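Here's the structure we're looking at; comments come further down.
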Amino acid sequence: MICAAVDLGTNAFRLLIVRKNKNNPKVLKRYRSIIGLGSFLDSKKILNPPSSYYRTLNKIFSLIKEFEVERVDIVGTSVFRKCRNKKSIQEEFKKIYGYDLNIVSPKKEAYLSSQGALSKIHRPLPSEVIDQEKFEPLRRLVAEELIANQLALRHIKKTTQSNPALALSDNQVMKTFIKNLPFRLTGSQKRVVGEIEKDLAEPIPMMRLLQGDVGSGKTVVAASAMAIAAASGSQSVLMAPTELLAEQHKNNLDEWFNPLGVKVVILKSKLPKKQKDLILGQIKNGEATIIIGTHALFQTQVKYENLGLVIVDEQHRFGVDQRLSLVSKSKSLGTVPHQLIMTATPIPRTLAMTAYGDLDASILDELPKGRGSIKTIVIPDDKRREVIEKIDKETKKGRQAYWVCPLIEESEELNYEAAETTFEKLGAELKKKNIGLVHGRLKPEIKNQTMVDFKNNLFQVLVATTVIEVGVDVSNATIMVIENAERLGLSQLHQLRGRVGRGAHESLCILIYKGPLNELAKERLGVIRKSVDGFYISEKDLQLRGPGELLGTRQKGLIGLKIADISRDAHMLPYINKLCADFDNKYPGKAEKLIKRWVGEQIIYRNV
């Protein structure tokens with residue numbers, strides 16, 4: 001039997017004539033023409049069709065007649081299948097040429113197996129890798145990796161929440177705490193506190209991600225959760241990435257909780273032995289209700305009497321195994337603590353789905369009222385004199401300023417020297433101003449005292465490294481100067497800018513760059529100049545820098561994607577999440593194999 005397969009289009013057609021034998025079909029003729037059905041396919045009736053229509057049909061007829069074709073199939077022609085007058089074309093073809101036109105849906109190409117994709121991806125044709133999004137072997141493996149990642153996160157959540165947690169339901173201290181605050185909570189803060197309160201009341205470990213823009217009031221929300229834990233007879237731990245931030249938290253929590261009779265302690269690495277032993281004893285016997293600290297909290301000698309809540313500030317700054325170590329400290333009690341993870345700046349939705357898909361998300365999308373606006377300007381470093389004059393003018397009004405010297409290279413030594421040099425220059429240029437200095441090589445007590453003095457307006461200008469990136473809250477500071485701004489990512493620039501604009505006065509952020517700027521730096525500085533929306537900025541940062549830079553994911557196990565790219569492959573996530581929701585029922589026994597193949601032992605590191 002000889003058949004003709006025709007692919008009809010508006011501008012061309014292709015013809016394949018095949019002798020169909022049972023075991024060995026043979027192609028007799030391949031033909032392609034530039035003439036096609038033309039605009040006739042969009043006509044409602046078969047009235048006055050264009051000449052190309054007849055030329056096409058005549059050409060097809062002459063070719064199939066040559067081979068005594070018995071059947072003509074229209075194959076894989078979306079244009080023909082969608083046209084409104086295909087029945088008329090079929091009737092016309094039958095009437096003139098005596099052949100039936102059969103409309104045949106094209107067979108979908110079989111989905112590549114993992115093995116097939118792996119084989120193909122190592123031997124691609126040049127034409128196949130021009131557009132990665134359409135390169136089928138890559139898409140196949142990316143989809144599998146994203147599925148494995150989501151399944152692993154679901155497994156973590158299921159495993160963690162299969163363990164019991166202490167039900168923390170006494171909210172009386174929290175109510176008093178909120179009532180005593182010198183300000184009112186925003187609507188979004190009230191909503192998120194309600195979500196956390198509901199989670200804590202359950203005997204299932206809370207696993208919640210708290211996101212909010214700079215200055216949205218995450219610390220107060222966290223303190224509300226600690227107040228519930230305290231009233232319920234449990235200890236809370238607040239992990240901070242730096243001792244400077246830990247001290248800031250200690251000052252705030254002392255002010256809020258001392259009147260309520262809740263003891264707050266801070267555990268630091270370098271404490272006199274006598275003082276450290278005293279604090280460790282208070283933690284062990286339960287006298288200390290709220291424990292603040294950095295890496296010192298992970299030490300083996302730290303024993304908790306009744307740990308019920310773990311709060312992590314700036315999740316990405318900690319090694320995952322460190323967080324795992326802290327959470328496991330309550331397992332001797334037969335329970336797992338509730339966990340609240342706070343991020344310094346918003347995480348893009350697609351990235352949150354991938355990196356924190358095991359956590360329920362709460363978002364603070366409202367800033368406290370009564371804060372002044374922040375204007376951002378970008379200037380070259382040869383206009384430094386104008387910046388000095390602006391600071392001089394502003395400090396004469398009683399305001400204060402930050403001057404930040406970011407890390408120029410991966411060298412603490414260079415960073416320290418840059419801050420020292422700037423400190424000396426500003427001292428010479430602003431002779432009547434008191435200028436403070438904070439950097440990573442100073443002793444913790446000196447750094448902390450400098451910050452206290454700055455907050456009390458004993459210093460009008462503070463020269464600092466990015467150590468002041470988070471947690472520093474000085475409402476009187478209205479100028480933020482950032483040198484070498486072109487070297488920083490958007491989220492870090494936004495976070496530093498968030499140190500000002502915390503009072504009622506208008507603030508100014510000055511980004512100083514060294515030219516010439518490349519295109520990426522121009523785009524980055526343009527985004528930060530135009531927008532103060534942290535959620536928009538985080539999305540742009542993801543596009544420009546990628547997830548590894550944005551989350552600091554070079555640490556073991558946080559996201560660990562091998563070939564998937566969250567920026568490039570974000571469009572696949574909604575479908576993949578939907579697929580994973582019912583994966584075990586549809587594909588029993590497959591999830592564990594996928595997780596083992598793509599995630600491996602990383603899963604235990606995410607189980608925090």
Side-chain angles (χ1 to χ4, degrees), residues 214-215 244 372-408 414-440 450-451 453-455 457 459-503 505-515 517 521 524-530 532 537:
V214 178
L244 183 60
S373 60
I374 306 174
K375 181 182 178 182
T376 303
I377 61 173
V378 180
I379 64 172
D381 59 352
D382 58 7
K383 293 188 177 180
R384 178 189 175 98
R385 186 65 233 169
E386 295 177 21
V387 178
I388 301 293
E389 291 171 0
K390 180 66 178 174
I391 290 175
D392 186 48
K393 184 178 178 181
E394 195 71 8
T395 52
K396 282 178 180 176
K397 298 177 185 176
R399 312 278 184 262
Q400 293 165 275
Y402 295 97
W403 192 297
V404 176
C405 306
L407 191 67
I408 297 173
L414 287 175
N415 200 25
Y416 155 71
E417 288 175 2
E420 287 277 9
T421 302
T422 301
F423 174 71
E424 291 172 4
K425 283 184 179 179
L426 289 178
E429 293 167 317
L430 296 165
K431 292 181 180 179
K432 295 183 180 180
K433 309 297 179 186
N434 293 324
I435 302 174
L437 174 65
V438 171
H439 57 70
T450 302
M451 289 308 306
D453 290 344
F454 183 63
K455 190 166 187 175
N457 207 358
F459 294 119
Q460 286 76 57
V461 181
L462 180 68
V463 177
T465 59
T466 52
V467 70
I468 58 122
E469 181 182 338
V470 293
V472 178
D473 188 1
V474 180
S475 60
N476 192 51
T478 55
I479 292 185
M480 167 61 72
V481 179
I482 306 174
E483 285 197 87
N484 299 298
E486 76 280 4
R487 296 175 179 266
L488 296 180
L490 281 172
S491 291
Q492 194 172 24
L493 287 171
H494 182 58
Q495 186 63 237
L496 285 167
R497 178 172 60 182
R499 298 310 100 210
V500 294
R502 291 174 171 259
H505 306 289
E506 288 190 2
S507 296
L508 178 65
C509 179
I510 304 171
L511 305 179
I512 301 177
Y513 68 88
K514 288 184 178 178
L517 293 176
R524 188 183 293 148
L525 294 177
V527 169
I528 202 73
R529 181 175 59 83
K530 292 174 185 176
V532 292
I537 289 169

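Values below: all heavy atoms of this structure, side chains included; hydrogens, waters and symmetry mates excluded. Each residue takes its place number in the sequence, starting with 1. What you are looking at is a predicted structure, and each value in this text was computed from that prediction instead of being measured.
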Kindly compute the distance separating CD1 (Ile537) from CG (Leu493), expressed to the nearest 0.5 Å. 9.0 Å
Atom CD in Gln460, atom CZ in Arg399: separation rounded to 0.5 Å? 13.0 Å
Tell me, do Trp403 and Val387 make a side-chain contact under 4.5 Å, heavy atoms counted? yes
Please name the pair of heavy atoms, one in Phe459 and one in Asp453, separated by the smallest distance, quoted to 0.1 Å. CE1-CB, 3.6 Å
Is the CD atom of Glu389 crowded by more than 12 outside heavy atoms at less than 6.0 Å? yes
d(Ile512 CD1, Asp382 CG) to nearest 0.5 Å is 10.0 Å
For the residue pair Val214 and Arg499, establish whether any side-chain heavy-atom pair is separated by less than 4.5 Å. yes
Side chain to side chain, Ile528 and His494, heavy atoms closer than 4.5 Å: yes
What's the shortest heavy-atom distance between Leu426 and Arg384, and which atoms? CD2-NH2, 4.3 Å
Take Lys514 and Arg487 through the test side chain to side chain contact (heavy atoms under 4.5 Å, CB included) and record every step on the way to the result. CA-CA 9 Å; Lys514 288 184 178 178; Arg487 296 175 179 266; 5.9 Å; no
What is the minimum heavy-atom distance between Ala401 and Ile391, and which atoms define it? CB-CG2, 4.2 Å
Note: Ile482 and Ala485 closest approach over all heavy atoms is O-CB, 3.9 Å
Are Ile479 and Thr395 side-chain neighbours, meaning at least one heavy-atom pair lies under 4.5 Å? no
Flag the pair Glu486 / Arg524 as yes when at least one side-chain heavy-atom distance between them is below 4.5 Å, and no otherwise. no
Just verifying a value: how many Å separate Lys375 NZ and Arg529 CZ, rounded to the nearest 0.5 Å? 10.5 Å
Check whether any side-chain heavy atom of Lys433 sits under 4.5 Å from a side-chain heavy atom of Asp392, and report yes or no. yes
Minimum-distance pair of heavy atoms, taken over all atoms of Ile510 and Ile379: CG2-CD1, 3.8 Å
With the side chain counted from C-beta on, respond yes when Phe423 and Val461 share a heavy-atom pair under 4.5 Å apart, and no when they do not. no
Would a 4.5 Å heavy-atom cut-off, applied to side chains only, mark Thr478 and Val500 as touching? no
Which value, rounded to the nearest 0.5 Å, describes the distance between Ser507 atom OG and Arg497 atom CZ? 11.0 Å
Got a second to check how far Asp381's CG is from Lys383's NZ, nearest 0.5 Å? 11.5 Å
Smallest separation among heavy atoms of Cys405 and Ala418, with atom names: SG-O, 4.0 Å
